[in-house]
**Q** 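Just passing along the structure, written as structure tokens.
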Amino acid sequence: MPASTIGVLALQGDVREHVAALRALGAEALEVRGPADLDRVDALVLPGGESTVVSLLLSSSGLLQPLEARLGDGLPAFGTCAGMILLAKAVVDGRHGQTCLGAIDITVRRNAFGPQARSFEADLDVKELGGGPLHAVFIRAPVVQEAGPDVEVLAEVDGRPVLARQGPVLVCAFHPELVGDLRLHELFLQEV
Ligand code: GLN
């Protein structure tokens with residue numbers, strides 16, 4: 001069987017870091033900028049960045065509808081920070097008309113921990129990951145405010161969910177691509 005190709009949505013944000021993390025794990029990674037790229041991938045990472053900007057770029061690149069269709073067909077997806085916001089069913093404190101791909105049954109609050117200056121780091125206990133706490137970097141991070149019954153919360157900060165999964169869709173409020181710990185990318189690849 002040919003190896004799977006993992007797409008990284010490459011419209012804005014920390015694209016290179018995710019590509020590097022996937023390649024370090026031996027995966028084939030492809031930057032996705034348009035519908036023809038999306039056709040070639042078996043899974044997709046949606047990086048952190050600015051969800052309102054990526055929302056607009058999804059429309060102008062022609063990716064929005066094909067991406068909704070692929071997610072509806074069960075495309076495995078890993079959304080980090082802004083990527084988590086985009087994959088959610090609903091957004092609180094979003095821009096009017098901001099894209100909600102609805103791939104995971106969560107409502108997220110944007111910038112829930114405050115502005116850029118209130119960025120922080122934390123060690124998370126993650127159900128599912130062996131090997132000790134996961135160091136996590138939060139930058140204008142969202143939080144899962146509500147989660148449907150089929151959503152598993154895998155980690156929290158002060159009782160607030162920051163890592164969650166529903167079927168093949170994994171989301172986190174922080175930036176796993178910045179810390180050199182590849183365990184979450186590895187967990188995602190197990191779904192593919
Ligand atoms: N607050 C940003 C947003 O709304 C996300 C920040 C990030 O990805 N680090 O998209």
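Quantities reported herein were computed from a predicted structural model and do not represent experimental measurements. Remember, it's 1-based here, ligands and their atoms both numbered in the order they're listed.
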**Q** Taking side chain to side chain donor-acceptor pair (under 3.5 Å) as the criterion, tell me which of R183, Q190, R165 meets it with E128.
**A** R165
**Q** Using a 4.0 Å cutoff against the non-hydrogen atoms of E50, which atoms of ligand 1 qualify?
**A** 2 (C), 3 (C), 4 (O), 10 (O)
**Q** Got the closest protein heavy atom to atom 5 (C) of ligand 1, with its distance?
**A** G49 O, 3.4 Å
**Q** Look at atom 4 (O) of ligand 1 and say which protein heavy atom is nearest, naming residue and atom and giving the distance to 0.1 Å.
**A**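 Heavy-atom neighbour on the protein nearest atom 4 (O) of ligand 1: R110 NE, 2.6 Å.
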**Q** Is the shortest distance from a Lys or Arg side-chain nitrogen in E50 or R110 to a carboxylate oxygen in the other one below 4.0 Å?
**A**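 The answer is yes: the pair qualifies as a salt bridge.
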**Q** For atom 1 (N) of ligand 1, what's the nearest protein heavy atom and its distance?
**A**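 Checking every protein heavy atom, the shortest distance to atom 1 (N) of ligand 1 gives N111 OD1, 2.6 Å.
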**Q** Number the atoms of ligand 1 from 1 as they appear, then name those within less than 4.0 Å of a heavy atom of I85, with their elements.
**A** 3 (C), 4 (O), 10 (O)
**Q** Going from CD on Q166 to CG on L87, what distance comes out if it is rounded to the nearest 0.5 angstrom?
**A**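 Rounded to the nearest 0.5 Å, the CD-CG separation comes out at 11.0 Å.
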**Q** Side chain, backbone, both or neither: which part of V54 comes within less than 4.0 Å of ligand 1 when only heavy atoms are counted?
**A**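 No part of V54 comes within reach of ligand 1.
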**Q** Within 45° of the six-membered ring axis of F113 and under 6.0 Å from that ring's centre, is NZ or CZ of R160 located there?
**A** yes
**Q** Check R140 against ligand 1 and report side chain, backbone, both or neither, counting heavy atoms closer than 4.0 Å.
**A**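 The answer is both.
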**Q** For atom 7 (C) of ligand 1, which protein heavy atom lies nearest, and how many Å away is it?
**A**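 Checking every protein heavy atom, the shortest distance to atom 7 (C) of ligand 1 gives C81 SG, 2.8 Å.
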**Q** What's the shortest heavy-atom distance between S51 and I85, and which atoms?
**A**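 Minimum heavy-atom separation between S51 and I85: OG-CG2, 3.6 Å.
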**Q** Report the relative orientation of the aromatic rings in F174 and F138; use parallel for angles under 30°, tilted for 30 to 60°, perpendicular for over 60°.
**A** tilted
**Q** Measure the OG-CG distance between S4 and L22 for me, rounded to the nearest 0.5 Å.
**A**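 Rounded to the nearest 0.5 Å, the OG-CG separation comes to 11.5 Å.
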**Q** Which protein non-hydrogen atom lies closest to atom 10 (O) of ligand 1, naming both residue and atom, and how far is it?
**A**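 So the nearest neighbour among protein heavy atoms is S51 N, 2.5 Å.
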**Q** Below 4.0 angstrom from a heavy atom of G48, which ligand 1 atoms are there? Numbered from 1 as shown, please.
**A** 8 (O)
**Q** Checking the N or O distance criterion of under 3.5 Å, is ligand 1 in contact with A82?
**A**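 It does: an N or O of A82 is found under 3.5 Å from an N or O of ligand 1.
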**Q** Could you work out, with side chain to side chain contact (heavy atoms under 4.5 Å, CB included) as the rule, every residue matching C81, not counting sequence neighbours?
**A**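 Partners of C81 by the side chain to side chain contact (heavy atoms under 4.5 Å, CB included) criterion, ordered by chain and then number, come out as P142, H175.
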